[in-house]
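Presented below is the structure to which this report refers.
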Amino acid sequence: MALSSRLIMIYDILLARFGPQGWWPILDFEKHKGLDPLTDCGYHPGNYDLPKKPDQMFQVIVGAILTQNTNWQNVVKALFNLSQQKLLDPEIILKTEAKVIAEAIRPSGYYNEKAKKLRIISQAYLEQDWYKKNHVLKREDLLKLWGVGEETADSILLYVFKRPFFVIDAYTRRLLMRMGIVGTPLKYREYQDLFHSNLRPNFELFNEYHALIVRLAKSNCRNKPICSTCPLKRYCPPRH
DNA sequence: CGCCAGGTGGGAT
DNA sequence: ATCCCACATGGC
């Protein structure tokens, strides 16, 4: 079976099983007041129009930094703290001592490094006018920023700027490996090329696909896989 | 208790 | 180029 057909089949199965995931979550701490802010707030299934406003865009950028090698629940706590303290804004982050930012984002882990990363990306956001409509952000310019690697860059391009860059993360690698689509480990861009060369470059498709992979990885394709209920079981080589 | 979570940069080899 | 490690919290 051709790779493109296979990738599309996997997508269709995941979408049928799990439904649209509503990424990237956009938290509204006013609206979610009274609800448990630490659970799944902010998802907007079927709406690929978000983020729309600059403050929503910036929130996704901050989330992309904070979630580096970190559980999303911890990121929500950090975003909640930033919001409560009126720090979820690039100009304010630049005017605020890194110590203060670090303390607010403590639950997300690596808080000293991430405070520095937030300062750097806030600076770029303002200087390069990312918030302006029709601003075209280059991948290479994102990668120049200390603290922005390939996955974070692609997350921002895809989920903030709605550009068709497929996000490759540890879950994606694991899935491709277990499905037998790749044998030996590849470089980031090689994984990405598998998707870019075999799917139509549609940001809504890439958005949903990556979110569905994460969804599968959380419930079934874990480090210790639970294959009995996996929707891809029939298409995945057995493991001993 | 140990392991893991929507990675990245820096230094040694 | 590739490997190894520091960075750090909270949930299970």
Side-chain angles (χ1 to χ4, degrees), chain A residues 11 14 18 20-27 36-45 50-51 59-82 98-99 101-122 124 139-160 165-178 184-192 195 203 206-226:
Chain A
Y11 174 78
L14 294 178
F18 298 119
Q21 297 298 298
W23 274 40
W24 184 289
I26 311 272
L27 294 151
D36 179 1
L38 304 185
T39 50
D40 291 3
C41 289
Y43 296 92
H44 40 88
L50 298 176
Q59 184 190 127
V60 175
I61 291 169
V62 171
I65 297 289
L66 295 184
T67 199
Q68 289 173 355
N69 201 37
T70 300
N71 191 310
W72 181 252
Q73 293 305 322
N74 288 356
V75 176
V76 173
K77 291 176 189 178
L79 287 173
F80 179 72
N81 290 344
L82 289 173
K99 287 283 281 280
I101 303 297
E103 196 52 39
I105 64 173
R106 173 185 275 275
S108 71
Y110 308 143
Y111 49 86
N112 289 314
E113 294 217 342
K114 284 173 179 174
K116 183 177 166 190
K117 293 177 183 180
L118 290 184
R119 175 170 289 276
I120 289 169
I121 208 164
S122 294
R139 189 177 193 272
E140 55 180 281
D141 286 336
L142 267 170
L143 290 174
K144 284 177 192 157
L145 304 175
W146 186 89
V148 178
E150 301 204 88
E151 183 187 338
T152 305
D154 289 331
S155 295
I156 290 171
L157 291 167
L158 179 62
Y159 289 108
V160 179
F165 287 85
F166 205 97
V167 176
I168 305 298
D169 63 356
Y171 294 151
T172 311
R173 294 188 172 97
R174 188 159 75 200
L175 176 66
L176 294 175
M177 197 74 79
R178 284 182 176 163
T184 57
L186 308 176
K187 301 184 205 303
Y188 185 97
R189 291 306 284 266
E190 296 175 325
Y191 284 103
Q192 190 177 52
F195 293 92
F203 87 87
F206 287 11
N207 171 323
E208 201 62 73
Y209 206 152
H210 174 68
L212 285 166
I213 290 172
V214 174
R215 175 66 183 76
L216 177 77
K218 284 180 171 171
S219 60
N220 297 96
C221 206
R222 305 178 180 182
N223 204 286
K224 201 174 151 68
I226 301 173

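A note on names: the letters A, B, ... follow the listed sequences, proteins ahead of strands, and every chain is numbered from 1.
- The CD-P distance, from A:E113 to B:dG9, rounds to 9 Å in whole Å.
- Comparing B:dG10 with C:dA8, their P atoms sit 14 Å apart, to the nearest whole Å.
- For the pair A:K114 and C:dT9, the criterion of a side-chain N or O lying under 4.0 Å from OP1 or OP2 is not met.
- Remark: P of B:dT8 and NZ of A:K144 are 18 Å apart, rounded to the nearest angstrom.
- If you check every strand for non-hydrogen atoms under 4.0 Å, A:S108 touches nothing.
- As judged by a 4.0 angstrom heavy-atom cut-off over every strand, A:I105 is placed among residues making no nucleic acid contact.
- Side chain of A:K77, nearest nucleotide from C:dA8, B:dG10, C:dG11: C:dG11.
- On the P atoms, B:dG6 is 24 Å away from C:dC5, given to the nearest whole Å.
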What pairs of nitrogen or oxygen atoms, one from the protein and one from nucleotides 2-6 of chain B, lie under 3.5 Å apart?
{"from": "B:dG6", "atom 1": "OP1", "to": "A:W72", "atom 2": "N", "distance (Å)": "3.4"}
{"from": "B:dG6", "atom 1": "OP2", "to": "A:Y171", "atom 2": "OH", "distance (Å)": "2.1"}
{"from": "B:dG6", "atom 1": "O5'", "to": "A:Y171", "atom 2": "OH", "distance (Å)": "3.1"}
{"from": "B:dG6", "atom 1": "O3'", "to": "A:E151", "atom 2": "OE2", "distance (Å)": "3.4"}
{"from": "B:dG6", "atom 1": "N7", "to": "A:K218", "atom 2": "NZ", "distance (Å)": "3.4"}
{"from": "B:dG6", "atom 1": "O6", "to": "A:Y43", "atom 2": "OH", "distance (Å)": "3.4"}

(request) For the pair A:Y159 and A:D154, evaluate side-chain hydrogen bond (donor to acceptor under 3.5 Å, both in side chains) and give the outcome as yes or no after the intermediate values. (result) CA-CA 8 Å; A:Y159 289 108; A:D154 289 331; over 6 Å; no
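- Rounded to whole Å, the distance from NZ on A:K116 to P on B:dG9 is 10 Å.
- Ring orientation note: the planes of A:Y11 and A:Y209 are tilted relative to one another, at an angle of 30° to 60°.
- Neither side chain, A:T152 nor A:K117, offers a donor N or O lying under 3.5 Å from an acceptor on the other.
- Across all strands, A:V75 comes closer than 4.0 Å to no nucleic acid atom at all (heavy-atom distances).
- Atom CG of A:L143 and atom P of B:dG7 are 16 Å apart (whole Å).
- In this structure, the CG atom of A:N112 is 15 Å from the C1' atom of B:dG9, given to the nearest Å.
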(request) In sequence, state the C-alpha distance, the side-chain angles, and the governing distance for A:Q59 and A:L82, and then conclude on side-chain contact (heavy atoms from CB on, under 4.5 Å). (result) CA-CA 10 Å; A:Q59 184 190 127; A:L82 289 173; over 6 Å; no
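- In this structure, CZ of A:R173 is placed 9 Å from P of B:dG7, rounded to the nearest angstrom.
- Between A:F166 and A:F206, the two ring planes are perpendicular [angle over 60°; tilted spans 30° to 60°].
- Atom CD in A:E190 sits about 13 Å away from atom C1' in C:dA1, given to the nearest Å.
- A donor-acceptor contact closer than 3.5 angstrom links the side chains of A:N69 and A:Y110.
- One can place CD1 of A:I65 at 19 Å from P of C:dC7, the figure rounded to the nearest angstrom.
- Annotation for A:Q21 and A:E208: closest pair N-OE2, 2.7 Å, computed over non-hydrogen atoms.
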